[in-house]
Amino acid sequence: MRPAPDEAALRVRAATAADLAAIAALHTGARAAYHRARFPDAPFDLPAERARWHDAWSHDLARDDTSALCAVRHGTVVGAASYRHRAGHQPAVTLHQLHVDPGHWGTGVGLALHHACLRAWHAAGISRAALDVLWHNHRARAFYTRLGWRPDPDCRPAPDATHLTLTLDLATAQAPPAPAGR
């Protein structure tokens with residue numbers, strides 16, 4: 001059963017090494033949940049997967065060009081996001097990860113993480129954001145579409161149609177206000 005959304009209890013902050021195990025666990029659980037929709041009998045939440053994502057997030061947390069956030073509700077990490085600054089002729093960023101514990105899907109955690117990213121990107125003068133989403137992850141694709149992300153016209157889907165690149169023009173995307181009391 002999903003917890004009732006409690007906006008006052010949800011806080012987004014910078015992720016730290018102390019959050020690593022919780023982030024790896026929720027990332028593994030989220031991936032397992034959306035992969036099961038396509039491959040119902042495949043075991044996506046094995047210890048090896050948790051170790052894989054533990055290593056990946058450990059790397060992200062140590063990178064100078066990557067920022068990581070976590071969403072915490074009642075002292076428990078329930079979501080995480082990371083984004084990487086990209087070199088180029090205009091300031092750009094790649095939303096590298098955004099995952100929510102499946103038990104908290106639909107409770108505003110993903111939206112709170114996305115809003116925190118938008119505020120940071122606007123503050124940094126970023127003009128364009130990009131992300132790759134799994135083609136078959138219809139839930140994530142719908143989430144990003146509602147938030148204004150569109151298929152990148154310069155990046156065709158992968159030949160095997162596993163991923164779709166989406167972009168967000170930050171000049172037209174409004175930065176949401178900071179949560180009250182923060």
Side-chain angles (χ1 to χ4, degrees), residues 7 9-31 34 49-73 75-101 104-105 107-134 137 140-141 143-150 152 155 163-182:
E7 295 302 320
L10 182 63
R11 185 170 71 100
V12 176
R13 61 168 172 76
T16 69
D19 302 314
L20 186 54
I23 291 172
L26 78 85
H27 184 145
T28 303
R31 283 181 58 85
Y34 61 72
E49 278 296 293
R50 189 171 293 194
R52 174 181 171 208
W53 295 115
H54 185 279
D55 290 347
W57 278 95
S58 177
H59 183 71
D60 274 1
L61 289 171
R63 289 179 66 125
D64 290 335
D65 64 345
T66 301
S67 297
L69 304 170
C70 64
V72 180
R73 181 175 275 148
T76 300
V77 175
V78 295
S82 71
Y83 55 90
R84 216 166 267 155
H85 299 278
R86 300 183 336 188
H89 68 281
Q90 60 179 335
V93 66
T94 299
L95 180 58
H96 186 62
Q97 306 284 352
L98 194 154
H99 297 281
V100 175
D101 182 297
H104 293 266
W105 285 357
T107 67
V109 175
L111 187 60
L113 283 164
H114 188 267
H115 284 174
C117 289
L118 282 178
R119 285 190 295 276
W121 300 340
H122 278 280
I126 303 295
S127 59
R128 183 175 185 268
L131 65 85
D132 281 338
V133 62
L134 287 170
N137 190 345
R141 288 175 56 191
F143 172 79
Y144 292 120
T145 297
R146 281 191 308 272
L147 295 171
W149 293 80
R150 299 292 177 254
D152 186 342
C155 189
H163 290 83
L164 177 65
T165 300
L166 303 176
T167 61
L168 182 64
D169 179 354
L170 294 169
T172 60
Q174 296 295 317
R182 304 221 201 278

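Side chains are part of it too, since the values below use all heavy atoms of this structure and drop only hydrogens, waters and symmetry mates.
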Distance-minimising heavy-atom pair for [X] and [Y]:
X	Y	answer
Cys117	Leu69	SG-CD1, 3.9 Å
Leu95	Tyr83	CA-CB, 4.0 Å
Ala81	Trp57	C-CH2, 3.8 Å

For Trp149 and His114, does a side-chain donor sit closer than 3.5 Å to a side-chain acceptor?
->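 Yes, side-chain donor-acceptor contact under 3.5 Å.
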Hey, are Ser82 and Arg63 close enough side-chain-wise for a donor-acceptor pair under 3.5 Å?
->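 Distance-only check fails for Arg63 and Ser82.
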Any chance you could measure [X], atom [atom1], to [Y], atom [atom2], to the nearest 0.5 Å?
X	Y	atom1	atom2	value
His54	Thr28	NE2	OG1	10.0 Å
Cys70	Leu20	SG	CG	11.0 Å
Gln97	Asp132	CD	CG	10.5 Å
Trp121	Leu170	CH2	CG	6.5 Å
Arg31	Leu26	CZ	CG	12.5 Å
Leu98	Leu131	CG	CG	9.0 Å

Are Asp19 and Arg13 close enough for a salt bridge, meaning some N to O gap below 4.0 Å?
->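 A salt bridge is present here (some side-chain N lies under 4.0 Å from a carboxylate O).
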So which pairs with a foot in residues 117-127 pass salt bridge (charged side-chain N to carboxylate O under 4.0 Å, His left out), sequence neighbours left out?
->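 Every pair satisfying salt bridge (charged side-chain N to carboxylate O under 4.0 Å, His left out) with a residue in residues 117-127: there are none.
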[X] side chain near [Y] side chain, heavy-atom distance below 4.5 Å:
X	Y	value
His163	Leu134	yes
Asp169	Thr167	no
Leu111	Arg146	no
Leu113	His99	no

Evaluate the criterion side-chain contact (heavy atoms from CB on, under 4.5 Å) for residue pair Val78 and Thr107; output intermediate values, then yes/no.
-> CA-CA 10 Å; Val78 295; Thr107 67; over 6 Å; no
Step by step, would you call His96 with Thr66 a side-chain contact (heavy atoms from CB on, under 4.5 Å)?
-> CA-CA 9 Å; His96 186 62; Thr66 301; 5.8 Å; no
